[in-house]
Every structure is written in C-alpha cells, then in structure tokens.
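Notes for the one structure printed next.
Throughout, protein chains are lettered first and strands after them, A, B, ... in sequence-line order, and every chain is numbered starting at 1. All values reported here derive from a predicted model rather than from experimental measurement.
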Number of protein chains: 2
Amino acid sequence: MYAVKESSTNQLNKQASLCKCPVTYTLERIGGRWKALILYHLSGKPLRYGELKRALPDITEKMLIQQLKELEADKLLTRVAQPVVPPHVTYSLTEAGAALSPVLKAMAAWGLNYSEDITFNAPVCK
Amino acid sequence: MYAVKESSTNQLNKQASLCKCPVTYTLERIGGRWKALILYHLSGKPLRYGELKRALPDITEKMLIQQLKELEADKLLTRVAQPVVPPHVTYSLTEAGAALSPVLKAMAAWGLNYSEDITFNAPVCK
DNA sequence: ACAAGTACTAACCAAAAAGTAGGTATCTAT
DNA sequence: ATAGATACCTACTTTTTGGTTAGTACTTGT
C-alpha cells in the first residue's frame, strides 16, 4: 500500500467527483478487479481468509489482503481474528456491505443481458 | 490510447474475471473516473460534444474524447456527426446505455445512504 | 488580418493499480 | 528434523490510467 500523492490532479478530480456524484462514490468503493468478486463470495456467508483464497484462485495473497483491508477501512466488511495459534480470521459483510446487494444484482442483470459476446461460466453474482 | 499488453497477468486476470462474473463485466464498462458521469449527463437528452465539455468542466478534452470513444466502441452510446463545417456532433445513449439507468440508480441510492462522511453538492445521478 | 468557435489528434509523462518474489511466526503431524 | 498449514508482510517491478501540452482544419464575426 503506497501513499497517494494528494496534490495530483488525479486526486483532486477524484475528490471532486466523489462530492459531485454518489454513483462515482459507490464506484470508488467497489471498483477494481477484485472487490465485487470478494463481496459476492461473502454475500452467502462469512468466510475465513483461507476459504476466500481458495474461492478466488487467481488472486495473489498481496492483492487479497490489500482489497480486504480497503474494504474493511471502508466499513464494507468486518474482520474478526480469534487470538489462537494457528490464526483463525473470519471476514463478513457489514450492513453497508450487505446493502450493496441490489447494486450487484442490477449490475449482474445488465451484464447478463447486454453481453452477446461473452458466455459466463461461473459464478453468477446474485 | 496506448496498446495493452495482451500477455500480461493483469490482462489475463481481467479476461478471466469478465467470463466469471457479469458484475465485473459491467464494472469494466462503466468504471473509471468519468464514464458514469458522462452516462448521467446523456441520460436526460443527447448532447453535443461542446455541451458535454461544458457540463464536465474538470475533464480534459483528451479524457472526454477517449471515454466517448470507448463508450461508443462498447455500444453504450452513439455518435452522430453532421457533415457540416463547423462540425456538429451529437452523442446519445443506445438502448444498452439507457438500460444502465437502474444500475446507476442503485449505486446512487447506496452512495447517498452510506456516506455519512460526504455531502454531495450536485448533480445527483438519477 | 486576426480572434474565437467547431470537434478533434498526437507525443509525452506522472500517478495509480496490479503483480512478483520473497519473507515472518507458531503449531501439528510425520 | 522437516513439511505443511495458519494468516499475513515487505520491497520491488510491470501495466494501465489519467493528465499536460501542443497542434490540426475550416468558418464566422470584428
């Protein structure tokens, strides 16, 4: 996790967009290659770190941890670590995270409808 | 518009995600800093290039054109150029683009509900 | 003759996102 | 004694996204 350069035009436009449009705000929270997929997998039930990792075979550990940390910081999910050894950590959706379900559903519906060019194999986010 | 490196892990994961999850598919189409904002502005009525530019004062011309070209290639909007001089070009949503409205609405609703930290000034995407 | 408006295009560079390759500590089973 | 499992962490590099600056051609208004 690198520091962002707060004075960059990119950052300024980002902040401006966030205050202008709640859609952009939402996009900032669930955008990127992995976040929607993580949220989807947690939508059924809470999962341990290792379960998530096996559910998302292509993600690297660095990416998984990084995305989980960001989602936690954004209060979309909760991390519960039991102080045992070997470690036992569970991730689950917060209310805000669970409330994204209609958004994911709307996106899934559109994606399924308007993509003649692609056949989805699995899983279909619901 | 630079060429992407098709053999990169990034690209491979992107393609894999696209085939695995319609949510990711949708996200790829409307993600980024500007696309949702452009779609929002066109949702009311078709606009000329210059009108869009004035509606989005912070976007640079390069970004605007680039996003418009990508949205056009993805068949979310249509570009109609009248062969006159000075040029007269109009952008409007396709059916697929208009069908994104429930998605944008769901995102706007979530964004408005779960952002105590931010007050949106305008415009509120609907 | 010159500025302003139309809708772009291209070369270049900075910043962010994503990926690679290694590492940590503790415990249990072999 | 070593291997595998638990859940991470760090330094680094590659790839992609976004931004800066300059330019095009043609017409109308001053």
Between [N] atom [atom2] and [X] atom [atom1], what is the distance in whole Å?
{"X": "A:Lys35", "N": "C:dA16", "atom1": "NZ", "atom2": "P", "value": "15 Å"}
{"X": "A:Asp58", "N": "C:dG19", "atom1": "CG", "atom2": "C1'", "value": "12 Å"}
{"X": "A:Leu68", "N": "D:dC8", "atom1": "CG", "atom2": "P", "value": "8 Å"}
{"X": "A:Gln67", "N": "C:dA18", "atom1": "CD", "atom2": "C1'", "value": "9 Å"}
{"X": "B:Ile59", "N": "D:dT17", "atom1": "CD1", "atom2": "C1'", "value": "13 Å"}
{"X": "A:Trp34", "N": "C:dA16", "atom1": "CH2", "atom2": "C1'", "value": "18 Å"}
{"X": "B:Leu64", "N": "C:dC8", "atom1": "CG", "atom2": "C1'", "value": "10 Å"}
{"X": "A:Gln82", "N": "D:dT6", "atom1": "CD", "atom2": "C1'", "value": "13 Å"}

> Can A:Glu28 and B:Arg33 be counted as an ion pair, charged N to O under 4.0 angstrom?
Replying inline: yes
> What's the closest nucleotide to the B:Lys62 side chain, out of C:dG19, D:dT27, D:dG19?
Replying inline: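 Of all the options, the side chain of B:Lys62 is nearest to D:dG19.
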>> If you only use heavy atoms from C-beta on, which nucleotide in C:dG19, D:dT16, D:dG18 is closest to the side chain of B:Met63?
In response: D:dG18
>> Could you check whether any side-chain N or O of A:Thr90 sits under 3.5 Å from a backbone N or O of A:Arg48, counting only pairs where one atom can act as donor and the other as acceptor?
In response: no
> Would you say B:Gln11 reaches D:dT15's phosphate, i.e. side-chain N/O to OP1/OP2 under 4.0 Å?
Replying inline: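 Checking D:dT15 against B:Gln11, no side-chain N or O comes under 4.0 Å of OP1 or OP2.
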>> Under 4.0 Å from OP1 or OP2 of C:dT20: is there any side-chain N or O of A:Thr60 that close?
In response: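 No, outside the criterion.
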> Residues in side chain to side chain donor-acceptor pair (under 3.5 Å) with A:Glu72, at least two apart?
Replying inline: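 None.
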Taking atom [atom1] of [X] and atom [atom2] of [Y], what is their separation to the nearest 0.5 Å?
{"X": "A:Leu68", "Y": "A:Met63", "atom1": "CG", "atom2": "CE", "answer": "11.5 Å"}
{"X": "A:Lys53", "Y": "A:Thr60", "atom1": "NZ", "atom2": "OG1", "answer": "11.0 Å"}
{"X": "A:Leu56", "Y": "A:Leu47", "atom1": "CG", "atom2": "CG", "answer": "10.0 Å"}

> Does anything in residues 86-119 of chain B pair up under ring-ring contact (aromatic ring centres under 6.0 Å, His included), and if so which pairs, sequence neighbours excluded?
Replying inline: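 Qualifying pairs: B:Trp110-B:Tyr114.
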Kindly give the atom pairs (protein nitrogen or oxygen, nucleotide nitrogen or oxygen) under 3.5 Å for nucleotides 4-7 of chain C.
unit_1	atom_1	unit_2	atom_2	d
C:dT6	O3'	B:Arg48	NH2	3.0
C:dT6	O3'	B:Pro87	O	3.2
C:dA7	OP1	B:Arg48	NE	3.1
C:dA7	OP1	B:Arg48	NH2	3.0
C:dA7	OP2	B:Gly50	N	3.2

